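All residue numbers in this chain count up from 1 along the given sequence. Computed from a prediction, not measured in an experiment: that's the story for all the values here.
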Amino acid sequence: MLELPNEFRSMWWHRPTPLEKLWGIWPTTIGLTIAKPTYRRASPAISGYGLIYIDGGAMHFIDHAGNEHLLRKNTIFCIIPGVLHQYYYAESEQPPRMYWITFNGKHSLQMLNRIGFSEETPYLTGWDESRLLPYLQSMEQVFASEENADRLSFVLLLIQWFDELLAQGRQRGYENAPNMSILQSSIEFMNIHFTSGIRVQDVAQHAGMTRSHFTRMFTERMGFSPKTYLQRLRMEKAMQYLKETSFTLTEIALAISYPDAYSFSRAFSQYYGFSPSQARDF
């Protein structure tokens, strides 16, 4: 393991292929952390999701409402975009030991909700370690020996782990998760439909709010506006197309709901500080 100032960490990255992204959910990183007394983290306002399994020791956890909880072994807490919380070292019989996995895709939030996680229920307890760790360890082995070939083993291992979580969640009565919050629902709506030309007005209508009320609520919770979030989704998808396909600028523009190559190129250059053509040369 690598020793860092606040933790010991093992970590593996995975760059999902276009084939994996067809399935609506894919893993991005997996790792193991053993926390030092100075360890403290805050979940960032990002577009990715995560699950952190406490395998030993304990962690202080502050939820989005500011309430503090003491989480112990066999507890899992989740990271959801836009839901901010903190977690830090707690004195225990052994240092906190945490396995974690991050993932993305338009089905991520639905999967978490189905298992039982949500903004109002960010952690669940009582997981069976003997049934969970083999999946995590298998994923570690596959990540550590990652191949560049287009394959689905990473997605399949993630889905198998979710299947085990779903089975255990059902046994403990977690499966019927609360409904998504308005914020989570609007983020999910944008993640799915951002290439279809939706506007902030369309998202606000989906949330059952006026445009101004929705924009204010979203900005206060996320730290940036829904217009900014939609632009980020489109620009990140454009960068993916530029790096991974031979699509023309016009084809990319139309794919992410810009009317023509000129307007797309201007927006891209303003966002990244360089042109789409330069991006392909990097």
Side-chain angles (χ1 to χ4, degrees), residues 21 23-26 28 42-50 62-67 78-86 102-122 176-241 251-272 276:
K21 291 182 178 182
W23 299 90
I25 189 167
W26 56 83
T28 51
S43 62
I46 58 174
S47 58
Y49 300 79
I62 303 175
D63 64 26
H64 75 283
N67 302 310
C78 68
I79 294 174
I80 298 174
V83 182
L84 305 182
H85 55 241
Q86 301 178 54
T102 63
F103 48 94
N104 216 325
K106 63 183 180 182
H107 297 317
S108 299
L109 186 57
Q110 293 171 320
M111 181 65 73
L112 289 176
N113 290 156
R114 180 66 185 272
I115 293 167
F117 294 101
S118 70
E119 180 177 352
E120 301 304 324
T121 310
N176 293 323
N179 292 330
M180 286 189 292
S181 70
I182 291 174
L183 179 64
Q184 292 173 13
S185 179
S186 65
I187 290 172
E188 186 79 354
F189 183 79
M190 286 187 279
N191 288 347
I192 295 172
H193 298 294
F194 72 92
T195 60
S196 302
I198 60 170
R199 305 161 300 165
V200 174
Q201 177 62 41
D202 300 315
V203 187
Q205 184 176 357
H206 170 78
M209 297 181 177
T210 64
R211 188 183 191 280
S212 59
H213 185 194
F214 171 74
T215 298
R216 183 167 59 252
M217 179 275 295
F218 188 98
T219 304
E220 287 175 353
R221 291 294 303 277
M222 295 292 288
F224 46 82
S225 70
K227 181 178 179 180
T228 297
Y229 186 67
L230 280 171
Q231 183 187 36
R232 184 172 75 186
L233 290 173
R234 289 171 178 142
M235 291 297 103
E236 289 177 351
K237 177 59 70 172
M239 183 65 80
Q240 178 189 341
Y241 283 142
E251 289 170 334
I252 293 174
L254 296 176
I256 61 172
S257 74
Y258 281 89
D260 51 54
Y262 174 76
S263 58
F264 159 64
S265 296
R266 184 174 59 181
F268 186 96
S269 299
Q270 289 175 347
Y271 186 85
Y272 283 110

| message | Measuring only between side-chain heavy atoms, which start at C-beta, is Ile62 closer than 4.5 Å to Asn67? | response |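 With C-beta onward as the side chain, the pair stays apart.
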| Residue pair Tyr49 / Leu109, side-chain heavy-atom distance below 4.5 Å | yes
| Shortest non-hydrogen contact between Met190 and Ile198, atoms and distance |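 Smallest interatomic distance, heavy atoms only, reads CA-CD1, 4.0 Å.
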| message | To check you understand the geometry: which heavy-atom pair defines the closest contact between Thr219 and Pro226, and what is its length? | response | OG1-CD, 3.9 Å
Would you say the side-chain atoms of [X] and [Y] include a donor-acceptor pair closer than 3.5 Å?
| X | Y | result |
| --- | --- | --- |
| Ser212 | Thr215 | no |
| Arg234 | Ser257 | yes |
| Ser186 | His206 | no |

Separation of [Y] [atom2] from [X] [atom1] (nearest 0.5 Å):
| X | Y | atom1 | atom2 | result |
| --- | --- | --- | --- | --- |
| Arg221 | Glu119 | CZ | CD | 4.5 Å |
| Leu112 | Gln184 | CG | CD | 9.0 Å |
| Phe214 | Asp202 | CZ | CG | 11.0 Å |

| query | Within a reach of under 6.0 Å around CD of Gln205, are more than 12 heavy atoms found that belong to other residues, nucleotides or ligands? | reply |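 Check fails, neighbour count at 12 or below.
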| message | Can you see whether Tyr229 has Lys227 sitting over its ring - NZ or CZ less than 6.0 Å from the centre and within 45° of the normal? | response |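 No.
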| Lys NZ or Arg CZ of Arg232 over Phe224 ring: under 6.0 Å, within 45° | yes
| said: Determine whether a donor-acceptor pair (N or O, by modelled atom type, separation under 3.5 Å) exists between the side chain of Ser118 and the backbone of Asn113. | reply: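 Judged by distance alone, no pair lies under 3.5 Å.
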